[in-house]
Amino acid sequence: MKKKSLIVLLLILAFTLPQCIKAFATTDIVQPLGAYVPITPLWTNVNNITLGLSFNSGQATCTGVIRGITGTTKINATFYLERSSSYGWTLVKSWSVSSMSSTLSFSDNCAVTSGVYQLRVVADVTANGLTEQVSTSYQNMY
């Protein structure tokens with residue numbers, strides 16, 4: 001009888017224990033050299049977006065590359081450098097960039113003070129006659 005009770009107790013524990021364990025997932029992967037590759041929903045017109053945000057001597061260096069699929073004819077993007085505050089994200093500077101090819105590259109600098117920053121991009125990518133809006137962001141601390 002004790003053996004059966006122990007087996008039943010162990011089975012109950014085996015089936016309920018996995019339900020009590022929380023699972024944590026991440027949506028961001030930091031690659032070598034500070035390049036940032038987010039895990040994103042499947043985009044139709046975009047192969048990938050790479051953002052970079054680094055700091056040196058009071059300057060933020062913001063970089064971004066958007067690679068469209070074959071057949072991409074136009075990419076219009078706005079990059080936003082934002083600083084975290086108690087009210088959310090505050091705009092520091094924005095840049096609008098366009099490309100008439102399948103790749104858009106962006107790089108610029110901006111004066112900053114210490115804090116948490118986010119580089120965010122919103123882009124309209126036109127490929128094969130269809131325009132898709134895509135967006136992603138990357139955070140870093142100075």
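Side chains included, hydrogens not; waters and symmetry mates left out as well; all remaining heavy atoms used. Worth saying up front: this structure is predicted, and the values here are computed from it rather than measured.
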Rounded to the nearest 0.5 Å, how far apart are OH of Tyr138 and CG of Leu53?
6.5 Å
Does Gln59 reach the main-chain N or O of Asn109 with its side chain, forming a donor-acceptor pair under 3.5 Å?
no
With rounding to the nearest 0.5 angstrom, report the CH2 to CD distance, Trp43 to Gln133.
12.0 Å
Point-to-point distance, once rounded to the nearest 0.5 Å, from CZ of Phe79 to SG of Cys62
9.5 Å
Calculate, to the nearest 0.5 Å, the distance between atoms CG and CD belonging to Leu51 and Gln139 respectively.
11.5 Å
Counting C-beta onward and ignoring hydrogens, is there a side-chain heavy-atom pair between Asn128 and Thr73 closer than 4.5 Å?
no
When you check the side-chain N and O atoms of Thr131 and Asp124, is any donor under 3.5 Å from an acceptor?
no
Leu91, Val122: one ILVMFWY side-chain cluster at the under-4.5 Å cut-off?
yes
Mark yes or no for whether Asn45, through its side chain, and Val125, through its backbone, hold a donor-acceptor pair below 3.5 Å.
yes
Measure the OG1-CG distance between Thr63 and Leu119 for me, rounded to the nearest 0.5 Å.
7.5 Å
What one should report as the nearest heavy-atom pair of Gly115 and Arg83 is CA-NH2, 3.7 Å
Determine whether the side chains of Tyr80 and Arg120 contain a donor N or O and an acceptor N or O closer than 3.5 Å.
no
Which value, rounded to the nearest 0.5 Å, describes the distance between Ile66 atom CD1 and Ile49 atom CD1?
5.0 Å
For residues Ile75 and Ile69: do they belong to one hydrophobic cluster (side chain heavy atoms under 4.5 Å, members Ile, Leu, Val, Met, Phe, Trp, Tyr)?
no
Donor-acceptor contacts, no H, no angles, side chain residues 92-100, under 3.5 Å, sequence neighbours left out:
unit_1, atom_1, unit_2, atom_2, d
Trp95, NE1, Asp108, OD2, 2.8
Ser98, OG, Asn76, OD1, 2.8
Ser99, OG, Ser101, N, 3.2
Ser99, OG, Ser101, OG, 3.0
Ser99, OG, Thr103, O, 2.9

Which class fits the ring pair Tyr117 and Phe55: parallel under 30°, tilted 30 to 60°, perpendicular over 60°?
tilted
Test of understanding: clusters of I, L, V, M, F, W, Y form through side-chain heavy atoms closer than 4.5 Å, transitively. Do Phe106 and Val112 belong to the same one?
yes
Just by distance, do the side chain of Arg67 and the backbone of Leu104 share a donor-acceptor pair under 3.5 Å?
no
Ala77 and Val121: which non-hydrogen atoms are nearest, and at how many Å?
CB-CG2, 4.0 Å
